Protein chains: 2
Amino acid sequence: MTDGEKLLLSNQVCFPVVVASRLITRVYSPFLEELDLTYPQYLVLLALWETDRQTVGELSRKLFLDSNTLTPLLKRMEEKELVYRNRSKQDERSVVISLSETGIGLKEKAVCIPDQIIRSLEGSSVSTEEILKFRETLGKLIAILDK
Amino acid sequence: MTDGEKLLLSNQVCFPVVVASRLITRVYSPFLEELDLTYPQYLVLLALWETDRQTVGELSRKLFLDSNTLTPLLKRMEEKELVYRNRSKQDERSVVISLSETGIGLKEKAVCIPDQIIRSLEGSSVSTEEILKFRETLGKLIAILDK
DNA sequence: TTTATATTTATCGTACACGATATAATCGCA
DNA sequence: TGCGATTATATCGTGTACGATAAATATAAA
């Protein structure tokens with residue numbers, strides 16, 4: 001592979017991923033705004049709706065975010081009374097994040113979001129099969145990047 | 001498509017893209033750190049190395065970033081004397097960004113970065129063909145998301 | 001048991017990212 | 001020619017990201 005090809009490959013894969021990421025949060029934002037949520041906050045809720053009562057560390061591993069990002073984010077969610085933050089009894093170092101009634105209730109309003117996102121992406125020239133392949137490659141890339 | 005499938009699809013495509021984006025900037029960061037650059041600053045330089053003297057608007061369209069992000073970013077690059085910012089003579093509203101000698105010189109040190117990135121991603125189970133297909137789908141997704 | 005080490009969060013500083021808004025220059029049209 | 005609409009940047013506030021570091025707790029080795 002020549003240097004030119006390497007430049008092309010890294011820039012024509014990495015840069016578009018970064019751009020797509022920003023565009024994705026923009027597509028979510030009008031729907032999330034109605035719930036007074038940001039995209040990272042929505043991700044935290046998705047994780048908690050699936051499994052309530054997770055430590056900061058568990059959320060950290062699932063969301064690929066460290067405590068320096070998560071702690072302030074979770075504090076903002078606590079201020080909005082979406083979640084509680086409590087030191088674990090078993091391990092005083094850990095902080096357990098649990099859903100408040102408000103946080104649980106928000107799930108009802110959020111279930112339509114994926115539908116609206118899919119609708120936003122509809123009418124496209126991207127087949128379901130292509131999406132599945134894309135997701136597969138993306139998973140491999142993340143595994144490599146995360147090493 | 002059921003709601004469950006929609007949730008799975010949107011979350012299993014959108015979320016991984018966002019994660020991959022963060023991981024990509026992390027992979028670049030040690031190499032960029034040696035040049036005292038951030039990833040967005042590197043993207044600006046890539047654009048300018050290809051075509052010097054571009055307005056904020058032109059950079060905005062290429063990088064998918066608005067002036068509220070670009071202006072402070074470009075000012076930091078100006079402070080580091082990587083670029084100049086000058087009002088256009090033809091259109092006093094526009095600001096032309098041009099490379100300084102330092103900015104031009106940095107290209108020499110940066111040419112090895114794509115090689116190092118590719119090397120970081122090497123030994124993977126992702127074929128070149130798969131990457132090309134990935135890039136193609138990514139391009140379509142960006143086109144849809146950007147509408 | 002001590003003491004060194006590792007783990008889990010939190011804090012701080014810097015740099016994006018972006019919605020809302022402001023300002024100045026240019027354009028279009030009556 | 002004017003003057004309202006559009007365009008190009010800039011400013012401001014809030015919310016992530018993340019490297020570096022600190023602080024508290026738990027674990028392990030001597």
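Excluded from the calculations below are hydrogen atoms, water molecules and symmetry mates; all remaining heavy atoms, backbone and side chain alike, are included. Since the model is a prediction, treat every value here as computed from it, not as a measurement. A, B, ... follow the sequence lines: proteins, then strands. Residue 1 opens every chain.
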Taking the basic N atoms (NZ, or NE/NH1/NH2) and the acidic carboxylate oxygens, is any pair closer than 4.0 Å for B:Glu34 and B:Lys109?
no
Please compare A:Thr69 and A:Asp91 by the position of their nearest nucleotide in DNA chain C and report the one closer to 5'.
A:Asp91
From D:dT11, D:dT16, D:dA10, pick the nucleotide closest to the side chain of B:Val95?
D:dA10
Between A:Pro40 and B:Gly57, which residue's closest nucleotide on DNA chain D lies nearer the 5′ terminus?
B:Gly57
Any side-chain heavy-atom pair of A:Asp36 and A:Lys80 under 4.5 Å
yes
Do A:Arg93 and C:dT7 share a donor-acceptor pair, side chain to base, under 3.5 Å?
yes
Ignoring hydrogens and angles, does a donor from either the side chain of A:Ser67 or the base of C:dA10 sit under 3.5 Å from an acceptor on the other?
yes
Can B:Ser127 and B:Glu129 be counted as having a side-chain donor-acceptor contact under 3.5 angstrom?
no
May I ask you to verify if any side-chain N or O of B:Arg85 is less than 4.0 angstrom from the OP1 or OP2 atom of D:dA10?
yes
In whole angstrom, give the distance that lies between atom OH of A:Tyr28 and atom C1' of D:dT16.
17 Å
How many Å lie between CD on B:Glu58 and C1' on D:dA8, as a whole number?
12 Å
Electrostatic pair B:Arg85-B:Glu78, nearest N-O below 4.0 angstrom:
yes
From the options D:dA10, C:dG19, D:dA20, select the nucleotide whose nearest atom is closest to the side chain of A:Ser29.
C:dG19
If you check the A:Leu65 side chain, which of D:dA20, D:dC18, C:dA17 turns out closest?
D:dC18
Rounded to whole Å, CG of A:Leu73 lies from C1' of C:dT11 at a distance of 16 Å
Please report the distance, rounded to the nearest Å, between CD in B:Glu92 and C1' in D:dA10.
15 Å
Within this structure, what is the CD-to-P distance between A:Glu33 and D:dT14, rounded to whole angstrom?
15 Å
Between D:dG19 atom C1' and B:Arg22 atom CZ, what is the distance in whole Å?
15 Å
Decide side chain to side chain donor-acceptor pair (under 3.5 Å) for A:Thr137 and B:Glu130; before the verdict, give the C-alpha distance in whole Å, the side-chain angles of both, and the deciding distance to 0.1 Å.
CA-CA 7 Å; A:Thr137 306; B:Glu130 194 173 349; 2.9 Å; yes
Base of D:dA8, side chain of B:Ser94 - is there a donor-acceptor contact under 3.5 Å?
no
B:Arg26 side-chain proximity, nearest of C:dA10, C:dC18, D:dC18:
D:dC18
Comparing A:Val18 with A:Val96, nearest DNA chain C nucleotide closer to 5' gives the residue A:Val96
For D:dT25 and A:Gln90 - does any side-chain N or O of the residue sit under 4.0 Å from the phosphate oxygens OP1/OP2?
no
What contact category does B:Arg61 fall into here, base, sugar-phosphate, or nothing, at under 4.0 angstrom with non-hydrogen atoms?
nothing
Give one of base, sugar-phosphate or nothing for A:Arg76, where a contact means two heavy atoms less than 4.0 Å apart.
base
Identify whether any heavy atom of B:Thr55 sits under 4.0 Å from a base atom; if not, whether one sits that close to sugar-phosphate; answer base, sugar-phosphate or nothing.
sugar-phosphate
Counting the atoms with a prime plus P, OP1 and OP2 as sugar-phosphate, which does B:Asn68 contact under 4.0 Å by heavy atoms, base, sugar-phosphate, or nothing?
base
Nearest whole Å is fine: how far is C:dT7 P from A:Asp66 CG?
14 Å
In whole angstrom, what separates A:Leu63's CG from D:dA17's P?
10 Å
Within-4.5 Å side-chain heavy-atom neighbours: A:Phe64 and A:Ile142
yes
Sugar-phosphate only, base, or nothing, as touched by B:Thr38 at under 4.0 Å among non-hydrogen atoms:
sugar-phosphate
Would you say A:Lys75 places a side-chain N or O within less than 4.0 Å of OP1 or OP2 belonging to C:dA10?
no
